[in-house]
Structure formats: C-alpha cells, structure tokens
S.K.: 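After the structure tokens below, expect a handful of questions from me.
Being a predicted model, the structure only gives us computed values, none of them experimental. Each chain gets a letter, A, B and so on, in the order the sequences are listed, and its residues count up from 1. The figures that follow rest on heavy atoms only: side chains count, while hydrogens, waters and symmetry mates do not.
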There are 2 protein chains.
Amino acid sequence: MTDLGRSHFCGEITENMIGENVRLKGWARTRRDLGQVIFIDLGDQSGIVQTVFNPDISEKALNIADNIRGEYVLDVTGKVVRRDEETVNEKIATGTVEVRVEEVTILNKAKPLPFPMDEEINVSEDVRLSNRFLDLRRPQMQAIFQLRHQLTQEVRTFLNEHLFMEIETPMLTKSTPEGARDYLVPSRVHEHEFFALPQSPQLFKQLFMVAGFERYYQIARCFRDEDLRADRQPEFTQIDIEASFMNTEELFAMTEKMMARLLKVSHHLDVTTPFPRMTYHEAMHRYGSDKPDTRFGMELVELSDIVAGSEFQVFKKALANNGIVKGLNAKGQGDVMSRKEIDDLADFAAIYGAKGLAWLKVDEEKTLKGPITKFLSEDEQANILNAMAGESGDLLLFAADVQEVVFDVLGALRLKFGKELNLIDEDAFHFLWVTDFPLVEYDKDSGRYVPLHHPFTRPIEEDVDKVETAPEDVTANAYDLVLNGYELGGGSRRIHEPELQMQMFRSLGFSEEEAKEKFGFLIDALSYGAPPHGGIALGFDRIVMILTGADNLREVIAFPKTASASCLLTEAPGTVSEEQWKELHLSPRKKKANP
Amino acid sequence: MTDLGRSHFCGEITENMIGENVRLKGWARTRRDLGQVIFIDLGDQSGIVQTVFNPDISEKALNIADNIRGEYVLDVTGKVVRRDEETVNEKIATGTVEVRVEEVTILNKAKPLPFPMDEEINVSEDVRLSNRFLDLRRPQMQAIFQLRHQLTQEVRTFLNEHLFMEIETPMLTKSTPEGARDYLVPSRVHEHEFFALPQSPQLFKQLFMVAGFERYYQIARCFRDEDLRADRQPEFTQIDIEASFMNTEELFAMTEKMMARLLKVSHHLDVTTPFPRMTYHEAMHRYGSDKPDTRFGMELVELSDIVAGSEFQVFKKALANNGIVKGLNAKGQGDVMSRKEIDDLADFAAIYGAKGLAWLKVDEEKTLKGPITKFLSEDEQANILNAMAGESGDLLLFAADVQEVVFDVLGALRLKFGKELNLIDEDAFHFLWVTDFPLVEYDKDSGRYVPLHHPFTRPIEEDVDKVETAPEDVTANAYDLVLNGYELGGGSRRIHEPELQMQMFRSLGFSEEEAKEKFGFLIDALSYGAPPHGGIALGFDRIVMILTGADNLREVIAFPKTASASCLLTEAPGTVSEEQWKELHLSPRKKKANP
C-alpha cells in the first residue's frame, strides 16, 4: 500500500457507516485468536474499533494477522458490518459494529512491552519515567494530557475575551539575588557572565504595563533551582497575568470567573463565586496555615488567655516568651488512640518543631484525663473543655511555643487528622483568597527585612507612609489563591511610583547604589508614566494536577524531572565535551581535599 | 478618589453616549493649553478621546490640568458632549465627541521622554532597546504586538480545529553534539554535568508520536548559541508540529491552510493554494538558493554545455574541476553601470567566494562587448546571448567554479539586483515548498557524512535501501517552506523503524555504542510500535516579521537581544556571586598567557 491517509478515525465508526469501506490506522490493542478467525481491537487517538480477520474475507490478511502482536502499528482496509447480536460491546462507542479486514499492512512492530497499556499498572515510577513514551500511551495518561490541553485553551480563550494580550518574555535573562536560587546559563560571548532562567516574568510584565499593554498574559515556563519536594519541579508552568487600572476587586472577580470556567471544563461543575476570603492572620490562627484546606473544620482554638494563669510549666514558659497556647480537638480520638499512638503524634509534631505535645482525653463524664490535668485548675479545665467544644471521647492536643511553631505543629496535625479520619470531601472544591499578608519579615541570618512576596509589592493604601519607617507593621496588598489546601498562586498590586519603590529598596537594606545597579531600569521605567497595576500568577501544573485528580505534579508533566532534578528518559543532565567547557570559559571547580 | 475601575475605554466613547458620565483612565497623549481651556487627548489601549478642562466645569480640575505633562497617567471623570462642528476630528473614532472633565487625579507623573511617542522617531536602536518599556508604548510597536497576539491565537485555533493537542516539552534537557551550539545550564545537584536548552523539541515530539498523541503542537521557545546575524536571535519561537499517520501531502495541505489563515488575519488576503513546489536541485540551479525569492525572475542560466569547448581559462578550469558555469542577465544594466560599478560587483561577488566576475555587455547591435569576448567563439557568443535572452543594454554576468560557489555568487547577485532594480513586488506573498533535499552531506573537516536536516529524517521510499550503502545518493523526504525568499521553516518524515534509525546512525559514523549512548532511548522508543510520522517547525518570529512588515526580528520580540547576545535593558548577562559559582561547582577558566 502507498502512504495514503486514513478515511476515518477508529472511534468514529458508527452504525450509519455499515456497508462502507474504510481505511484505518492505529495500534493493535487486544487480539483474540479463535483459530480460523482473529479479532483485533484497533485503537487510535479517538478510541477503538473491532477488526475481524477471517479466511472468507482474505486469507492473506488472516495470515498477516497471525503475526500481529500487542501494539503493532497497522494500516487496515475493510468494510463496516454490524456485529452479531451476542458480540455487541456496549462499553465502547463502536460496540455494535466491526470492520471486516480485506487488506492489512504492518506499519511497525512492537517488542513485548515492559508494562501493559491497561489502566491499572503496578510498576515503579522509575520504570514508568524511563519508558515515558509508553507510559504516556496509557489511556489514563492520554486523558490527563487531553484535559491539560483543554484547560490551556480555556485559559487563553477566557483571557482573550477579557481583552488580555499574550506576549512572550525572555528566557535568557538576568540573575537577581532575590527569591529562590536561579538556574544560570553561562555566556560564551561575555566571558564569566551568566544569564539566568526566569523564576517568573515578574519584572517584564510590569514593564509591559509601563509600555501601555494594559492587560498581559502568558502561560509561561518558570525555573527554580531548589531542592525538590513532591509538589515541586525545577521547571514549571504558570498562568501569568498583569493588568493596569484594574483594582484588586476586579482582578479577584476575573480570576474567580476564570477558575469557574476551568471547573466547568473539567468537572461540568458550577462553582460559587465570589470565593471566600480570609486574612493571613486569620488563616494562621484558625488553620495554622496560609493555605488552609477549608474542606473540613477541626480548627485551632486559641487558649492563651484561658491558661494565662496556669502553673503548667510548658504553657507558662511559652506565654512568658511571647508565645501562645493553642489547642486542637481530635474528635473521638480519645476513645480510639492508645498511649503509644499519642506518643507517635508527639514524634510527628516534633518534625514541625514541637518540643513536646501536651494532651488530654475527655472521658465519659466529660471530665479531662491525662498527665497534665494536675497542673490545671478546675476553672482552667472547664474553660478549655468549653472553648474546644470537648465531648466524651475527644482527644485534646495542645501546642505552646512561639506562634510560628504553634501554627506549624497544629496545622500539620489538623491535616493529618483530616486525611486519616476521612474528614475531607474529595469531590469538593474549596477556593479561598488569603489576603493582607505582611509586606516584609525580619530575616535573622542577614539582619535585614526581606519581602514576603517580592520587593515590588505595594502596601495597602493606609500603610504606604510606613514603608521606610516601620516596614514590619505594613500590610501588603498581596493575595494568594488557595484550592483544597494547595496554594494555586498569588499576586499583588505593585508599586508604581519611583519614590515609593526606592523607599522599599531602602527598607530592605539596599544602598542607593545597589538599588540602582540591580533595578535601575525599573526605577527608570516607573518614572515615565507607569500606570497603577497589579497581577497574579497561578501554578498551572498544580491546577491541572488538582483538576485531573492526579496525586503529584509528575503525572501532569509530559517529561518531568525526578527528585534529584534529572530526567530518567534522556538522562539529562549529562557531561559535555572539553570543547564546550572551553567555549564557555569554565573549569570544573576543584574539590577541597578532605580534612 | 478611591481605586475604582473605569467605566469605559477611551476609544469606546461614541455619540450614543452623549450626556453620559464616564470615568476614564489613561495617558495624556497631547495637551493644548488655550489659557482658560486645556484640551488633553487621553489615550489607552483602545484609542484616544479628547478631554476638556475649563473653569465653567471645574476650576480645580483645570488647575490640576495646568500641571499635567505628556504621558502623565490620569483618572478622569466627566460628561460626554458633542464637539463644536469646527473641532471635529475625522481621523479618530471618537472625533465627534469630547469629555468635559469634572474631576481628575494624576495617578502618576512622567519625566520628559527620551524620544516622542509619535510614530516616526529618529533615534538609535540602542536608545530604543535601553528604553524598551517606552519604545513598546509607541503606536507602531503596539500594533506589531497586537498582530503577533492575533496570529498566535489563530495558529492555535487552526491547529485545535484540526485535532492537534498542545503539549509542553522540557526546557532543561540534554546536550547532543548534533546541530548548532547548545546553551548549557550547569547542574547544582549533579556535579560537572549540564542541561542544555532545546534547539527544538524534535526528539520529544517524536516521542509523543510513539506515545500515541497523534497530533502534537506547541508554540515553543528554542535556543541556539550561534553568532548572530540580523535575522537570528539566541532564543526564538517556533510553531512546532508533528503528526502520525499523516503523509507529506496531507501535511503540506494543512500547513498551507494555516498560512492562508494567517495572511487572512494580517492582510485580509486570500492566498492561492496549493503552494508551488520546487526540488532543492531546481531551486539551486534556477535561483542559486534553497530559499528562492520567487517574487521576481532574473533566473540563473546554465551555460556549462555551451562553453564546454571554450578557450577561456576561467571557464575551462572550472569545468575541468567538475565545476559549472552559469550566467545572470542583469537586465538593462549594461547601459547603466560604469566599469567602476562592475568592479564593485566583483568585490561583492568575492564575499560569496568568487575568484572573479566575468561579464559582457550587449550593445545596440545585440553584439557582446567586454574583456572576455576574445576568448569566446562566435558560436559560443551567439549561444550565450540566446540562452540568456540578452537584449541591447543588458549586462551578462558569469560565475564559473564548483557549483556551491556558483550558486552562492549568482544567487546573491540576483537578490542584490532584485532589490536595487525594484523588481520585487513588496505587496506580494510568494510561498514555495522546496523539496527533495539530500539526506546527508560530506563534511571535510570531520571526514564524515553529516545530516542536512537531522539524523531522524527519513529518506524517500525509493532510497530507503541506500541509507547505509550510498548515503550521499539518498534523497530525504524533507521540505522547507519559503516565503518571499525567507525560509519560514521546514520538516520531514521521520524514521520510525529502529533498524533504519541504526543504519542512519552508522552511516553518520556513529559506533553502535555511541548511537546507543546518545540516542538509546529513541531506538528503544521506535521498538515499541512507533507509528509512521512527520512534522514541520516554522519560525514564528520570522512569520510575524514578514506579516507585520518589520525589517528585523528585534522589532517583533518584546525584549530582544543585541548582536552580541545581550539585553540592553536588564544588562543580561551579568556577573554572579562567588557563592553561585561555588554551588555550581565551577571556576572561571584561566586564560593562557599570551605567547
């Protein structure tokens, strides 16, 4: 046969086509050999259709079919016929018809596969990643990337409708010491200088606003050379948005509409807008997290006032050191958990910085039992029970420390119980805006203020005057969007006045010269009629992960990196030639001799 | 005023809105101060509208307007009124109305600009690039990026309609010694190893085909660390396409439809399809180029046979050395060009490798005049005149050398005359497929065959058997798409059988081990049911350049690099800290002392 196109996709064959001749191309998904008849399910991107080889139609085709194995690539010509009543397969769209094969060509063979193409496989992720070209052929993975494609298009369609313009920003850009660690690219032309791959197009999108592109977006690749956790990748994709003259309310409303459209595409679901909002302060105090999973309750309870006079040394010391005491009611766990299991909880809490984990059980008479009861007065016990809505069988857990530790420990315990006690509605989508972040935090190591987001974040209007005088008291006009306990991304209003931007740099400890050397072009840009502007960046991989129900980012990235930032398929990174080292003016750094 | 949204865009104000109150935000484009009345043209992304400040409306607003200068950012509230008959401006959409300003806030100031925002500017490109945030604000640049945005969307819409799926490929990938020079990214985790930024997603898209994604596309960023010419950038964007089971005819037809759609968007023009085709061999012989500009004629004329017996040493020597002799008729230039100008032509030709440039003029009697007539017989002269369709006043130019040099020299001269003699219809769009490229060429330096495209290119079916035995005789199933003398891009069918791919590697001089080490995963992938596939990659920046009429790539890239691969705005590349060198296990290479 010559290289002619197919007449139809496999999944397109319907009863309306009975009697028609068709030409199909695809993979031999399954093969049943009944001696004189061979059935092969032929599959392509669109679905599958049953093909039949038998000697009444073509002896030659049957002989070829005899040699066909799983995942062979076929070019098939034949006639569409109705299946016998008893062989109808209602599970597939083409289940009432089959193609009687008159001619077949094997376009390519396939070795026995390292794992089956069925939905359920039981092989290590390493094997899957090393054979990604096969792993991606599985229906499950095809569905993920089909949905990712649809979501990508929907984002663009939505933003185009809202008059946003897609503009590309450079990948070879400049390293700035702010933020995470840059991936660097040595310059061949400029000896011993480096480009950096962008952590985000932040500065470029602000420059677009200065340039009068009032509404910009890009589905942009970004890079961070950080140690990788389950939900991080060295390169990732974000929906990057910036708008001039659009206030935070308008941006929230637009973002909500966009997310609702994505839920509609993926789950045919109508999401309620506006999304709830919560200040950073409230999120930390109620959930011990700036990305609370609000699909379940079990909130943290403030106990500092109640135990202010307590003789319990742990509480007393924490409060004396400007710390706080908070509790978490692990509903019903008092009845269930053994002493050993509670000790394990303390070990878990220790990961998050807890020095210990005080606890009490509520017994049948609704009295508190446990090692620390003796340090608590009757009033204190009654107030704790009341504040924590303790009921018979509950386990009350306490953290007393500086507030960061208390949040981390109880926040982690809350999530642990949420999962283990099945408190989470896995079908629910709980969006949440977290707002009013602090502008800066004090970094003990460097003895400087560092921005919580980035140094271009604008304070709320009431706090503009305090940027240089009391930066630690300034609230940022910054926000994160949270979905089911994942931070989808965040953004802020930006500083648009050159003077305020310089104040910000100074409050971060930059000298005038440093600021100008690093960000001179920004200050310059802000001086030529920069409009008020703000934006948001949403982690697209993470959105796809949540909406496809995948359990980690590697499932939704075609060729992901492992936890050691390498590609098991191409074996990147790799060594390069001496010539390449030389052209880049680099030498390997000599290791210091071991002491 | 609080930070409320605007009610309309400036360009939206129409006569229908007379009497309405509007709130606008934008830039003060022009300002006319008539003492008691100030007119400011307020502009935003959508266009401009005239605003009027006068004491009858608001004394306060007028006082503020007094301080407004060009490109100040304003927030304006007022009423839409009809303009006086004599002030109607028919050039703009909002020319019959104006906004009487009741309230105005200066949202940001602007220093005096380094160059005006008008269409015509006369500053160096360096100044423009250093102030790109302002350069991009000019209406001309806004129009370019608006069109680029529209073309981007159209490409995607078209490919989505044709069931293509957009899938992202990694940027941090592996260096392969084939092709151009890679940009490298040192790995922090894997000491002295490097990622490479992709020159194209070639291998990944082929792996997608193996994975059963039958139609893939991506508007993909690619990187080449080459010395830059006017029409090259270190990072560039390509429309990357790959399809399984689609033959070259189908791919051509689809690509033509896509290009036609882009011409429709940019020029409201109906392009004739199918596009003409020409083999590589024919293109070289007729135009001296594999990307001929077919908007004008002046083709190269083959003279080798005619002068085969000539005593002219230059011709004789060339032919004896397996070279060829070709001519170019510079119509009418015999009458016009001085001896000095013809000598300059020879200097020009020397750039392209010519050792000299023989020429003849055709005089009024249609006889040949010039220094070489004495070496040519009357028959030869007559045959040359006839073959080259020489007429009185023509200048006949000759190149005799190995064919590569002859093509280069006459191809370059042809283009030079085409431009200088205004032979080119600047409004025309001439597409051309160039086909049937050689599969490999012999590289004298390495003493090996090297692929003309890449080592995954498939031969035409007739030549499949010769890949290992006579690679130099093999024609590739490869093609380039040319528009107006620019190569828009190209592609090929790919090798889908593991055995043929190994043959190809061997014919390129790879040992079995080398091939497996570098491309083992590809051979592996081809062994598991790889479908026949092929694709194309089109330079998107270049398409945008041609369709916007821009004269170089830097005009259509938001933040381009200069010829020395640096960014004048951010001053990338730059130095990095000692800490960063250390983390990447790198040292600066010591320069060798001068000898």
S.K.: Do Pro186(A) and Tyr183(B) have side chains that get closer than 4.5 Å, going by heavy atoms?
M.R.: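 Pro186(A) does not reach Tyr183(B) side chain to side chain.
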S.K.: Can you tell which part of Tyr72(A) gets under 4.5 Å to a heavy atom of chain B, answering side chain, backbone, both or neither?
M.R.: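 Neither part.
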S.K.: Might you confirm whether atom CD of Glu517(A) has over 12 heavy atoms from other residues, nucleotides or ligands at distances under 6.0 Å?
M.R.: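 Incorrect, the count does not exceed 12.
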S.K.: Compare all side-chain heavy atoms of Leu207(A) with those of Leu569(B) and state whether any distance is below 4.5 angstrom.
M.R.: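 Yes, at least one pair of side-chain atoms sits under 4.5 Å.
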S.K.: Side chain from CB out, backbone as N, CA, C, O: work out which of these in Glu499(B) comes under 4.5 Å of a heavy atom of chain A, or both, or neither.
M.R.: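 Contact with chain A is absent: no heavy atom of Glu499(B) under 4.5 Å.
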S.K.: State whether Glu583(B) and Arg589(A) are salt-bridged, where the test is any N-O pair (Lys NZ or Arg NE/NH1/NH2 against Asp/Glu carboxylate O) under 4.0 Å.
M.R.: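 No.
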S.K.: Determine whether Pro170(A) and Phe559(B) make a side-chain contact, defined as any pair of heavy atoms from C-beta on separated by less than 4.5 Å.
M.R.: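 Pro170(A) vs Phe559(B): side chains touch.
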S.K.: Is there a side-chain contact between Glu71(A) and Tyr528(B) (heavy atoms, below 4.5 Å)?
M.R.: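 With C-beta onward as the side chain, the pair stays apart.
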S.K.: Measuring centre to centre across the rings, with the benzene-like ring taken for any Trp, is Tyr216(A) within less than 6.0 Å of Phe145(B)?
M.R.: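 No.
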S.K.: Heavy-atom distance under 4.5 Å to chain B: side chain of Leu586(A), backbone, both or neither?
M.R.: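 When you check distances to chain B, atoms from both the backbone and side chain of Leu586(A) fall under 4.5 Å.
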S.K.: Under 4.5 Å from any heavy atom of chain A, what part of His190(B) do you find: side chain, backbone, both or neither?
M.R.: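 Contact with chain A involves the side chain of His190(B) alone.
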S.K.: Where on Ser187(A) is there a heavy atom nearer than 4.5 Å to chain B: the side chain, the backbone, both, or neither?
M.R.: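 Interface part for Ser187(A): side chain.
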S.K.: Are Thr570(B) and Leu203(A) close enough that some pair of their side-chain heavy atoms sits under 4.5 Å apart?
M.R.: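 Answer no - side chains too far apart.
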S.K.: State whether Arg156(B) and Glu166(A) are salt-bridged, where the test is any N-O pair (Lys NZ or Arg NE/NH1/NH2 against Asp/Glu carboxylate O) under 4.0 Å.
M.R.: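 Yes, this pair counts.
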S.K.: Using non-hydrogen atoms and a 4.5 Å limit, figure out which bit of Arg69(B) sits close to chain A: side chain, backbone, both or neither.
M.R.: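 Looking at Arg69(B), nothing touches chain A.
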S.K.: Hey, does Phe521(B) have a side-chain heavy atom less than 4.5 Å from the side chain of Arg132(A)?
M.R.: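 Arg132(A) vs Phe521(B): side chains apart.
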S.K.: Which value, rounded to the nearest 0.5 Å, describes the distance between Thr173(B) atom OG1 and Glu235(A) atom CD?
M.R.: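 Answer rounded to 0.5 Å: 8.5 Å.
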S.K.: With the side chain counted from C-beta on, respond yes when Val73(A) and Phe245(B) share a heavy-atom pair under 4.5 Å apart, and no when they do not.
M.R.: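 Yes, their side chains come closer than 4.5 Å.
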S.K.: With a 4.5 angstrom heavy-atom cut-off, which part of Ser564(B) approaches chain A: side chain, backbone, both or neither?
M.R.: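 Contact with chain A: backbone and side chain both.
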S.K.: By a 4.5 Å heavy-atom criterion (distance strictly below it), what part of Pro560(B) contacts chain A: side chain, backbone, both, or neither?
M.R.: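 For Pro560(B), there is no contact with chain A at all, as no heavy atom is under 4.5 Å.
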S.K.: Does any heavy atom of chain B fall under 4.5 Å from the side chain of Leu584(A), the backbone, both, or neither of them?
M.R.: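 Leu584(A) touches chain B through side-chain heavy atoms alone.
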S.K.: Select one option (side chain, backbone, both, neither) describing which atoms of Lys111(B) are under 4.5 Å from chain A's heavy atoms.
M.R.: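 For Lys111(B), heavy atoms of backbone and side chain both lie under 4.5 Å from chain A.
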S.K.: Chain B heavy atoms under 4.5 Å from Leu197(A): which part of the residue, side chain, backbone, both or neither?
M.R.: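 For Leu197(A), the side chain is the part near chain B, not the backbone.
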S.K.: Salt bridge between Arg181(A) and Glu579(B), side-chain N to carboxylate O under 4.0 Å?
M.R.: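 Here Arg181(A) does not pair with Glu579(B) in a salt bridge, since their nearest N and O are not under 4.0 Å apart.
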S.K.: In terms of heavy-atom proximity below 4.5 Å to chain B, should Leu134(A) be classed as side chain, backbone, both, or neither?
M.R.: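 For Leu134(A), the contact with chain B is made by the side chain alone.
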S.K.: Decide, yes or no, whether a salt bridge links Arg188(B) with Asp227(A) under the criterion of side-chain N to carboxylate O below 4.0 Å.
M.R.: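 Yes, Arg188(B) and Asp227(A) are salt-bridged.
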S.K.: Could you tell me which portion of Glu249(A) (side chain, backbone, both or neither) has an atom closer than 4.5 angstrom to a non-hydrogen atom of chain B?
M.R.: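 For Glu249(A), no heavy atom lies under 4.5 Å from chain B.
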S.K.: Given the rule in the ring pair (Phe, Tyr, Trp, His ring centres under 6.0 Å) test, do Phe204(B) and Phe133(A) qualify, once you have shown the distances and angles that lead to the verdict?
M.R.: CA-CA 9 Å; Phe204(B) 293 112; Phe133(A) 43 83; over 10 Å; no
S.K.: Heavy-atom distances under 4.5 Å only: say whether Asn160(A) touches chain B with side chain, backbone, both or neither.
M.R.: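 Answer is side chain: those atoms of Asn160(A) sit under 4.5 Å from chain B.
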S.K.: With no hydrogens and no angle check, is any side-chain donor or acceptor of Gln580(B) less than 3.5 Å from a backbone partner on Leu184(A)?
M.R.: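 Such a contact is absent between Gln580(B) side chain and Leu184(A) backbone.
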S.K.: Check this for me: does any side-chain nitrogen of one of Arg148(B) and Glu168(A) sit under 4.0 Å from a carboxylate oxygen of the other?
M.R.: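 Here Arg148(B) pairs with Glu168(A) in a salt bridge, since their nearest N and O are under 4.0 Å apart.
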S.K.: For Val189(B), is it the side chain, the backbone, both, or neither that has a heavy atom closer than 4.5 Å to a heavy atom of chain A?
M.R.: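 The side chain, not the backbone.
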S.K.: So which part of Ser527(A) gets closer than 4.5 Å to some heavy atom of chain B, the side chain, the backbone, both or neither?
M.R.: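 Its backbone and side chain both get close to chain B.
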S.K.: Is the side chain of Asn108(A) donor-acceptor paired with the backbone N or O of Pro532(B) at a distance under 3.5 Å, no angle test?
M.R.: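 No, because the side chain of Asn108(A) does not come within donor-acceptor range (under 3.5 Å) of the backbone of Pro532(B).
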S.K.: Measure Leu172(B) against the heavy atoms of chain A and call it side chain, backbone, both or neither at under 4.5 Å.
M.R.: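 Looking at Leu172(B), backbone and side chain both touch chain A.
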S.K.: Say whether, by atom type as modelled, one donor and one acceptor occur between the side chain of Glu193(A) and the main chain of Thr575(B) under 3.5 angstrom.
M.R.: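 Between the backbone of Thr575(B) and the side chain of Glu193(A) there is no qualifying donor-acceptor contact (under 3.5 Å).
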S.K.: What part of Asp44(A) gets within 4.5 angstrom of chain B, counting heavy atoms only: side chain, backbone, both, or neither?
M.R.: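 Both parts, heavy atoms under 4.5 Å.
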S.K.: Please classify the contact between Gln153(B) and chain A as side chain, backbone, both or neither, with a heavy-atom cut-off of under 4.5 Å.
M.R.: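 Just its side chain gets close to chain A.
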